[in-house]
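All values reported here derive from a predicted model rather than from experimental measurement. The first residue of the sequence shown is numbered 1, and numbering continues consecutively from there.
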Amino acid sequence: MPIRQPVPFKGGGSDPVNFIEPLVVFKVQNALFGLPRSQVLRSGFFRGMMESPHLGDSKEGTMENPIVFDEMTKITKRDMKSFCTALDMRTFLPPPKLSVAEWQSAYRLAKMWDFEHLRDYIFKHLDTTITDPFERIQVADALGFEQWVIPAMAQLCNREAPLTAVDGARLGLYRFAEVCRLREHPRERYEVSKYEEWLKK
């Protein structure tokens, strides 16, 4: 997201208040991203940094002195763009059209920077929109959603279609072996909850 113009505040009436909300400017891979200060202060991480008398600097986060995330942070322009898009959501509008990978990038930064509301929103969004058990396991591994893994494996235990070598590669050897073991013992299919119970043992 490129640098945007400062955002005018509106009061209780129809006329804008006579001041402009400042932007906090970030630099990622030589690209600048600007976010309204009020949004940035929703982050426990940035709020603590910017309000601390020891760490805060009135010049930090400006065009001349942006907050820089270098290569050591492993944050990319694509990550930052996904995060800014998610953060800019409006509650009365549908979610932005991001790919699963882009939602993952936004979640990682929301978690890293302690944007609690955004982090929880993205988790719920992914939980309701990702239904394929293989994809749920992959996202769970990427983002640390351990509570997704066993229910997804139980779905595969209950599935009528046989597992393939490609499925095994996606699951990994240990999980593939566990699912195969429970699918073959015994032959009839059980409820998904029963497979969850066995997988937890």
To the nearest 0.5 angstrom, please state how far the [atom1] atom of [X] sits from the [atom2] atom of [Y].
X      : Y      : atom1 : atom2 : value
Leu109 : Gln104 : CG    : CD    : 12.0 Å
Leu171 : Leu163 : CG    : CG    : 7.0 Å
Leu182 : Glu196 : CG    : CD    : 12.0 Å

Over all atoms of both residues, closest heavy-atom pair of [X] and [Y]:
X      : Y      : result
Leu23  : Pro36  : CD2-N, 3.6 Å
Lys81  : Phe33  : N-CE2, 4.0 Å
Thr129 : His125 : OG1-O, 2.7 Å
Arg183 : Leu156 : NH1-O, 2.9 Å
Tyr195 : Ala154 : CB-CB, 3.7 Å

Is a donor on one side and an acceptor on the other found under 3.5 Å between the side chain of [X] and the backbone of [Y]?
X     : Y      : answer
Arg42 : Glu116 : no
Gln29 : Lys77  : yes
Arg78 : Ser105 : no

>> Ser82 vs Asp79, test: side-chain hydrogen bond (donor to acceptor under 3.5 Å, both in side chains). Steps then yes/no.
In response: CA-CA 5 Å; Ser82 300; Asp79 293 336; 5.9 Å; no
> Between Pro96 and Trp103, is any pair of side-chain heavy atoms under 4.5 Å apart?
Replying inline: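 Result yes, sub-4.5 Å side-chain heavy-atom pair found.
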>> Quick check: do Asp88 and Gln39 have side-chain heavy atoms less than 4.5 Å from each other?
In response: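 Yes, close enough: below the 4.5 Å cut-off.
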[X] ring center near [Y] ring center (under 6.0 Å):
X      : Y      : result
Phe145 : Phe123 : yes
Phe115 : Phe45  : no
Phe26  : Phe46  : yes
Phe69  : Trp113 : yes

> Around atom CD of Gln147, are there more than 12 heavy atoms of other residues, nucleotides or ligands at under 6.0 Å?
Replying inline: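 Result for CD/Gln147: enclosed.
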> Any salt bridge (Lys or Arg N to Asp or Glu O under 4.0 Å) pairs touching residues 117-140, not counting sequence neighbours?
Replying inline: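 Listed by first then second residue: Asp127-Arg136, Asp132-Arg170.
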> Given the rule that I, L, V, M, F, W and Y join up when any side-chain heavy atoms are under 4.5 Å apart, are Val40 and Val68 in one cluster?
Replying inline: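 Different clusters: Val40 never reaches Val68 through Ile, Leu, Val, Met, Phe, Trp or Tyr contacts under 4.5 Å.
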> Same hydrophobic cluster for Val192 and Val179, using side-chain heavy-atom links shorter than 4.5 Å among ILVMFWY?
Replying inline: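 No; tracing contacts between hydrophobic side chains, which count when under 4.5 Å, never links both residues.
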>> Do the side chains of Glu178 and Arg181 get close enough for a salt bridge, i.e. N-O under 4.0 angstrom?
In response: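 Salt bridge between Glu178 and Arg181, a charged N being under 4.0 Å from a carboxylate O: yes.
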>> side chain to side chain contact (heavy atoms under 4.5 Å, CB included) for Ile67 and Lys27? Distances and angles first, verdict last.
In response: CA-CA 6 Å; Ile67 297 173; Lys27 186 176 182 180; over 6 Å; no
> After noting the C-alpha distance and the side-chain angles of Asp167 and Thr164, does the key distance pass the side-chain hydrogen bond (donor to acceptor under 3.5 Å, both in side chains) rule?
Replying inline: CA-CA 5 Å; Asp167 295 334; Thr164 67; 3.3 Å; yes
